Amino acid sequence: MDFELSSRSEAWRRKLQGFFDREVLPRHRAWLDHTAAGEAVSFMPDLQRKARDAGLWNLALPELAEGEPGTRLSNLEYAPLAELMGRLFWAPEVFNCQAPDVPNMIALQNCATPEQKARWLQPLLEAQTRSAFGMTEPDVASSDATNIATRMVRDGDDYVINGRKWFITGAAHPRCSFLIVLGVTDGDADRTSRHSCIIVPMDAPGVRLVRRLRWMGCEDHVAPIGELTFENVRVPRENLLGAEGEGFKVSQIRLGPARIHHCMRSIGLCELLIELMMVRASERSTFGRTVIQYDTVQRWIAESRVELEQARLLAYRCASRLDQAGHHGAWRDVSLIKVAVPAMLQRIADRAMQVFGAMGGSDDTPIHQALAWGRLLRIGDGPDEVHLRQIFRMEPMPAWTIANSPYLSAHPS
Ligand SMILES: Cc1cc2nc3c(=O)[nH]c(=O)nc-3n(C[C@H](O)[C@H](O)[C@H](O)COP(=O)(O)OP(=O)(O)OC[C@H]3O[C@@H](n4cnc5c(N)ncnc54)[C@H](O)[C@@H]3O)c2cc1C
């Protein structure tokens with residue numbers, strides 16, 4: 001497999017790097033000040049306009065057909081761009097590449113009718129609005145999506161929705177105008193065909209944002225997390241995304257890219273954490289030596305590099321499979337990186353925190369958020385255990401037994 005970046009991808013990366021250095025990074029402190037004060041980020045619309053004028057827009061969205069939106073970048077070509085954006089939690093929004101909107105765009109691009117695309121996808125592509133995806137429920141173990149219990153009952157030309165969802169990323173954003181909701185449309189069908197996805201406007205009567213949630217004390221300022229109730233919410237039939245009973249199919253189309261993009265961004269964040277360790281450890285001295293001169297610290301940095309390069313190769317292979325074999329062909333690789341990358345992020349952030357001393361856990365560095373983010377990704381997008389189960393199930397059984405194995409010496413009879 002050849003993982004050299006194509007010249008096109010390298011050109012995009014250089015262009016993005018220039019814009020990032022010139023326009024995004026110098027605003028980081030202002031972004032932190034705005035969000036700490038609980039204000040909207042006033043410079044964001046202007047910055048987005050600049051990014052868009054520079055052609056750095058909707059980079060994560062593949063072009064499916066002539067005239068469709070997107071940059072025509074493959075997932076492999078997008079990987080280094082996502083890494084660069086991952087260095088700052090808020091950078092993806094500048095380029096309209098943030099979760100959960102991009103996976104929602106991909107679901108709409110693949111499954112929506114032309115009318116739905118005009119009504120729901122187009123405003124997302126223009127960053128005029130924001131969106132969310134509502135699957136998880138407080139009352140059922142949502143690792144197993146077949147448990148999802150929200151009812152979506154057909155009544156004339158409408159569906160009537162009743163249920164409760166929580167940990168819905170982006171649902172508490174003031175500009176979130178719709179959610180893609182997974183619910184049961186046919187309780188009598190088999191477990192994998194009971195569910196459907198439907199587009200629910202946030203302002204539909206009966207939709208209520210109950211509260212805003214934080215995760216390990218961290219606020220998601222880009223896509224604030226919400227808990228919602230749906231009480232006799234009436235949505236027209238034409239809001240159904242995909243056919244009735246295809247809820248899991250639609251969900252899977254968005255989940256592959258959602259997972260791989262999280263991993264790519266996390267790899268970029270790990271690059272930053274290694275840089276932070278290098279600089280901090282060379283600037284502090286204890287007991288007559290700089291901290292970076294200690295074997296332990298050198299080892300932490302080197303181990304972080306080993307793990308990061310492994311994870312990057314795995315992510316590139318996954319991206320390449322996604323490009324060549326589609327969601328089904330890449331399923332195993334998506335599970336592999338979904339388990340490997342968050343655990344790596346957690347380990348590297350933990351080392352960085354130790355290298356920084358007390359400062360590492362403060363709001364003066366992004367380290368504690370990186371640690372929380374790595375921890376979150378071990379649960380979000382499906383807990384590790386579910387992916388490990390899938391990986392185990394795909395492990396082939398060798399065609400020999402212990403007694404007749406050509407690899408073993410004589411077996412006691
Ligand atoms: C910050 C954050 C943002 C999120 N954003 C969204 C969102 O935008 N939309 C959305 O719908 N959901 C979202 N989620 C929810 C997330 O997808 C769920 O939390 C996840 O799927 C697990 O569901 P659960 O919380 O109900 O845990 P449960 O299903 O109750 O599982 C609890 C634990 O059981 C164990 N377990 C489960 N299955 C197995 C198994 N097969 N083998 C072994 N152990 C197992 C695992 O350790 C698991 O963590 C988000 C979660 C977080 C933390």
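In each ligand, atom 1 is the first atom listed, and ligand 1 is the first ligand listed. Owing to the predicted nature of the structure, the values given are computational and were not obtained by experimental measurement.
- Contact annotation: for Trp215 versus ligand 1, heavy atoms closer than 4.0 Å belong to the side chain alone.
- Within the listing of ligand 1, atoms 7 (C), 8 (O), 9 (N), 10 (C), 11 (O) sit less than 4.0 angstrom from a heavy atom of Phe133.
- The nearest heavy-atom contact from the protein to atom 1 (C) of ligand 1 is Leu376 CD1, 3.1 Å.
- Counting heavy atoms only, Thr169 comes closest to atom 3 (C) of ligand 1 of the residues Asp220, Val181, Ile148, Thr169.
- For atom 51 (C) of ligand 1, the closest non-hydrogen atom of the protein is Phe167 CB, 3.8 Å.
- Judged purely by distance below 3.5 Å, without hydrogens or angles, the side chains of Glu137 and Thr150 pair a donor atom with an acceptor atom.
- Counting heavy atoms under 4.0 Å from ligand 1, residue Arg389 touches it through the side chain alone.
- The main-chain N or O of Glu126 is never found under 3.5 Å from a side-chain atom of Gln48 such that the two would form a donor-acceptor pair.
- There is no protein heavy atom less than 4.0 angstrom from atom 34 (O) of ligand 1.
- Protein heavy atom at the shortest distance from atom 31 (O) of ligand 1 is Ser143 OG, 3.0 Å.
- Within the 4.5 Å cutoff, no side-chain heavy atoms of Ser251 are placed close to those of Met135.
- By the 3.5 Å distance cut-off applied to N or O atoms, Trp166 is not counted among the residues near ligand 1.
- Evaluated for a side-chain contact (heavy atoms from CB on, under 4.5 Å) with Pro236, the options Asp158, Ile198, Ile199 yield exactly one hit, Asp158.
- For atom 38 (N) of ligand 1, the nearest non-hydrogen atom of the protein is Val386 CG2, 3.6 Å.
- Between atom 21 (O) of ligand 1 and the options Pro100, Ala372, Ser142, the minimum heavy-atom separation is to Ser142.
- The two residues Asn96 and Ala127 make their nearest non-hydrogen contact at OD1-CB, 3.7 Å.
- Near Ile379, the atoms of ligand 1 lying under 4.0 angstrom from a non-hydrogen atom of the residue are 19 (O), 20 (C).
- In this structure a side-chain-to-backbone donor-acceptor pair under 3.5 Å is missing from Asp220 to Ile225.
- With ligand atoms numbered from 1 in the order given, ligand 1 contributes 1 (C) to contacts under 4.0 Å with heavy atoms of Ile225.
- The 12-atom threshold is not exceeded at CZ of Arg284, counting heavy atoms of other residues, nucleotides or ligands nearer than 6.0 Å.
- The nearest protein heavy atom to atom 18 (C) of ligand 1 is closer than 4.0 Å.
- Within 6.0 Å of CZ on Arg305 lie more than 12 heavy atoms contributed by other residues, nucleotides or ligands.
- For Gln17 and Asp21, the side-chain atoms include at least one donor-acceptor pair closer than 3.5 Å.
- Taking the ring centroids of His261 and Tyr78, they lie under the 6.0 Å cut-off.
- Per-residue contacts place Ile168 under 4.0 angstrom from the following atoms of ligand 1 (heavy atoms of the residue considered): 7 (C), 8 (O), 9 (N), 10 (C), 11 (O).
- Using bins of under 30°, 30° to 60° and over 60° for the plane-to-plane angle, the ring pair Trp90/Phe43 lands in the perpendicular bin.
- Nearest protein heavy-atom neighbour of atom 12 (N) of ligand 1: Thr136 OG1, 2.7 Å.
- Listed by chain and residue number, Leu56 satisfy the side-chain contact (heavy atoms from CB on, under 4.5 Å) test with Lys15 (two or more places apart in sequence, or in another chain).
- Evaluated by nearest non-hydrogen atom to atom 47 (O) of ligand 1, the leading choice among Met135, His387, Glu385 is Glu385.
- When each atom of ligand 1 is checked for a heavy atom of Val140 under 4.0 Å away, the hits are 26 (O).
- At a distance under 4.0 Å, no protein heavy atom can be found next to atom 25 (O) of ligand 1.
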